[in-house]
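Since the structure is predicted, the reported quantities are computational estimates derived from the model, not experimental observations. In what follows, every heavy atom counts, from backbone to side chain, and hydrogens, waters and symmetry copies are set aside.
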Amino acid sequence: MSKSDTILKLLQGCNSLQRLQKIHAHVITNGLQHHPAISTKLVHFCAVSVSGSLSYAQLLFHHIDNPQTQAWNSIIRGFANSPSPLQSILYYNDMFSSSVSRPDNFTFSFVLKACERVKAENKCREVHGTIIRCGYERDVVVCTNLVRSYVGNGFIGVAKKVFDDMSERDLVSWNSMISCYSQAGFHYEALKVYDEMKNENVGLDGFTLVGLLSSCAHVGALNVGVNLHRIACEEGFVKNVYVGNALIDMYAKCGCLDDAFCVFDSMQKQDVFTWNSMIVGYGVHGHGDGAISFFRQMLMAGVQPNSITFLGLLCGCSHQGLVEEGVEYFHMMNTKFNMKPGIKHYGCMVDLFGRAGKLEKALDMIGTSPSQDDPVLWRTLLGSCKIHKNVKIGEIAMRNLVQLGASNAGDYILLAAIYAGVKDTDGIAKMRKLIKSQGIKTSPGWSWIEVGDQIHKFVVDDKSHPDFFEIYHKLREVINQAALLGYVPEESLISVAGLITEECLETSTSYHSEKLAIAFGLARTPKGTSIRIVKNLRVCKDCHSFTKYVSKAFNREIIVRDRVRFHHFKGGVCSCKDYW
DNA sequence: TTGCTCAGAA
């Protein structure tokens with residue numbers, strides 16, 4: 001066996017950096033440092049292996065006279081997955097300007113990963129052009145990476161076009177499209193991709209299920225989620241811990257804590273994600289005690305909590321008014337678990353004190369937080385001032401938001417509602433004028449409803465639904481039925497001292513998105529079944545009252561998940577006891 | 001030597 005063959009063999013069995021350095025020394029003493037296959041292997045090991053070292057890979061790489069494509073690929077790949085992915089793009093540029101070696105399908109896949117991670121949108125487009133010029137636009141892996149890179153850079157439409165134009169799409173391509181949509185917040189689109197996927201006979205796996213379940217959780221698509229759960233059982237994916245965790249999250253976010261627990265209980269292995277999904281689930285439902293109980297069990301099971309565990313706990317304490325417990329866990333982070341509370345934990349504490357009416361303490365909390373420049377903290381405080389009708393601190397919060405240049409329509413509406421709460425008509429007029437004169441934009445309100453396995457989305461005064469004529473007809477009938485039981489529509493916004501939402505600003509008519517969704521639900525679902533609505537904004541006072549009457553008039557349970565919490569309407573009353 | 005997965009207050 002020749003010396004170079006011996007060294008190549010040694011390299012194959014190499015499993016640590018120290019061992020590699022010894023082999024490297026051996027390479028040098030034998031004068032083989034310019035042997036192409038050896039130097040390429042050395043660089044590959046250092047750049048890609050978990051026990052490698054990128055800086056050592058760089059050192060080796062710069063000693064190669066004319067690095068071959070494979071060596072370039074290793075260094076580009078290594079940096080693409082490293083904490084400094086920009087380096088990967090710089091090496092890619094170098095390859096074009098200073099090397100005779102040409103990029104191949106691997107090079108493009110790796111550099112696209114780097115573009116995705118550093119948000120290099122222009123580079124992503126440029127690489128796309130090069131891919132076409134070099135004739136790799138039919139490579140399924142390259143195109144899948146291109147889709148991911150475009151989504152990661154915010155070009156959702158371009159990504160979908162690349163995906164649609166792919167000559168071949170395998171299961172990973174479909175999974176990537178779904179998970180990209182899901183992670184970018186395009187949940188409705190993610191579920192639509194699944195509909196397309198079903199016609200293509202590519203099957204599905206754990207990755208598919210996790211992406212889809214995550215989108216179901218976000219939009220509250222329980223029927224689709226339950227269907228996926230059934231498929232997961234049939235196809236043997238329920239043992240996959242990622243799938244189990246995604247199922248727990250889906251059930252919890254759809255308001256079915258019992259089903260979430262069933263999944264939790266049936267899992268053979270529970271990791272920190274599993275426990276967190278339960279704790280957060282109980283937390284967002286306002287069951288602080290449930291979250292605490294799971295937290296204790298988690299510690300007994302020997303699972304180490306992390307920062308999200310505490311967010312779930314603090315959120316639960318805040319919604320249930322468990323101030324003392326919340327304070328205890330906030331301190332415990334530092335004293336017992338050596339974790340520094342982040343800005344989001346401070347946000348929970350501001351909410352905890354604020355909700356409980358301890359507004360001065362909430363204000364102090366912002367003072368001690370790592371950043372007083374975070375608009376979210378001040379906005380949380382403003383929300384608490386609305387609940388407790390505190391004009392003084394409300395104005396302080398607003399002043400800070402304005403100074404930070406972060407005030408939005410929602411904030412002015414909150415302050416207007418605070419003025420309305422104390423019947424300060426001048427204050428209300430001031431807010432109304434500000435909103436009008438500054439042309440402050442509201443975020444558009446929408447409501448989803450799931451009927452069968454389809455999701456129907458409505459906006460205020462929506463006329464885009466193919467059956468809108470029928471829906472409006474039904475809504476008028478529903479309003480009449482509700483009126484027979486005593487429902488009186490609230491006339492206009494700010495003049496009433498009630499809950500005013502952004503949606504109220506958009507229109508003065510009574511056709512808010514959730515009313516349309518409710519009318520549609522009544523028309524399209526069997527009598528006696530529950531109707532589930534998901535909203536992106538808070539429920540307004542008028543819609544809340546309307547939904548109570550509808551639940552009684554039509555003998556239906558109506559479950560509304562708004563931006564902050566769940567409302568379960570049944571027999572004319574709501575689970576929030578009109579306090580939200 | 002390529003590509004895809006789970007948790008968060010307001």
### Task
Decide, applying a 5.5 Å centre-distance limit and a 30° plane-angle limit (both strict), whether Tyr242(A) stacks on dT5(B).
yes

### Message
Closer than 4.0 angstrom, basic N to acidic O: yes or no for Lys192(A) and Asp195(A)?
### Response
no

### Task
Can you tell me the distance, in whole Å, between the CE atom of Met333(A) and the P atom of dG8(B)?
16 Å

### Task
Report yes or no: is the cationic atom of Arg77(A) (NZ for Lys, CZ for Arg) under 6.0 Å from the centre of the six-membered ring of Phe106(A), at an angle within 45° of the ring normal?
no

### Proximal nucleotide (of dA9(B), dC6(B), dT1(B)) relative to the Val284(A) side chain
dA9(B)

### Task
Taking only the side-chain heavy atoms of Ser214(A) (C-beta and beyond), determine which of dA7(B), dA9(B), dT5(B) contains the nearest atom.
dA7(B)

### Query
So does Arg538(A) pair up with Asp562(A), basic N to acidic O under 4.0 Å?
yes

### Message
Heavy atoms from C-beta onward define the side chain here; which of dC6(B), dA9(B), dG3(B) lies closest to that of Asn145(A)?
### Response
dG3(B)

### Message
Please tell me if His319(A) has a side-chain N or O lying less than 4.0 Å from either OP1 or OP2 of dA10(B).
### Response
yes

### Task
Grab the CD-C1' distance between Gln70(A) and dT2(B) for me, whole Å please.
12 Å

### Message
Taking the minimum atom-to-atom distance to the side chain of Val141(A), which one of dT2(B), dA7(B), dA9(B) wins?
### Response
dT2(B)

### Query
Hey, is Phe273(A) stacking on dC6(B)? Ring centres under 5.5 Å, planes under 30°.
yes

### Phosphate contact (dC4(B) OP1 or OP2) by Gln183(A) side-chain N/O below 4.0 Å
no

#### Entry: Nucleotide nearest Lys344(A) when distance is taken to its side chain, options dG8(B), dT5(B), dT2(B)
dG8(B)

### Task
Figure out the CG/P separation between Leu537(A) and dA10(B), and round it to whole Å.
14 Å

### Query
Taking the side chain of Arg77(A) as heavy atoms from C-beta outward, which of dA10(B), dT1(B), dA7(B) is closest to it?
dT1(B)

### Message
Between the base of dG8(B) and the side chain of Ser307(A), is one N or O donor paired with an acceptor at under 3.5 angstrom?
### Response
no

### Query
Hey, is NZ on Lys123(A) packed in by over 12 heavy atoms from elsewhere, all under 6.0 Å?
yes

### Message
Let's go through Phe264(A) and Phe294(A) carefully: what are the C-alpha distance in whole Å and the side-chain angles of both, what is the deciding distance for ring pair (Phe, Tyr, Trp, His ring centres under 6.0 Å) to 0.1 Å, and is it a yes or a no?
### Response
CA-CA 11 Å; Phe264(A) 174 88; Phe294(A) 270 93; 5.4 Å; yes

### Query
So, is Lys386(A) close to the dA10(B) phosphate, meaning a side-chain N or O under 4.0 Å from OP1 or OP2?
no

### Message
In the structure I gave you, are the side-chain heavy atoms of Asp170(A) and Ser173(A) within less than 4.5 Å of one another anywhere?
### Response
yes

### Query
Which nucleotide in the list dA7(B), dT1(B), dC4(B) gets nearest to the side chain of Asn276(A)?
dA7(B)

### Query
Which is true for Ser179(A) with a 4.0 Å heavy-atom rule: it touches a base, it touches only sugar-phosphate, or it touches nothing?
sugar-phosphate

### Task
Nearest whole angstrom, please: distance from the C1' of dG8(B) to the CE of Met278(A).
16 Å

### Query
How is Asp249(A) classified with respect to the nucleic acid when contacts are heavy atoms under 4.0 Å: base, sugar-phosphate, or nothing?
sugar-phosphate

### Query
Does any donor-acceptor pair link the side chain of Asn175(A) with the base of dG3(B) at a separation under 3.5 Å?
no

### Query
Is Phe110(A) stacked on the base of dT2(B) when the test is centres under 5.5 angstrom and planes under 30 degrees?
no

### Query
dT5(B) C1' sits how many Å from Leu228(A) CG, rounded?
14 Å

### Message
Could you tell me how far apart Leu112(A) (CG) and dG3(B) (P) are, to the nearest whole angstrom?
### Response
12 Å

### Message
Using OP1 and OP2 only, check whether a side-chain N or O of Arg355(A) sits under 4.0 Å from dA9(B).
### Response
no

## Note on the structure
Considering only heavy side-chain atoms of Phe207(A), the closest of dT1(B), dC6(B), dC4(B) is dC4(B)

### Query
Trp378(A) CH2 to dA9(B) P: how many Å, rounded?
22 Å

#### Entry: Lys160(A)/Glu196(A) ion pair, N-O < 4.0 Å
yes

### Query
Once you round it to whole Å, what is the distance between P of dA7(B) and CD of Gln270(A)?
17 Å

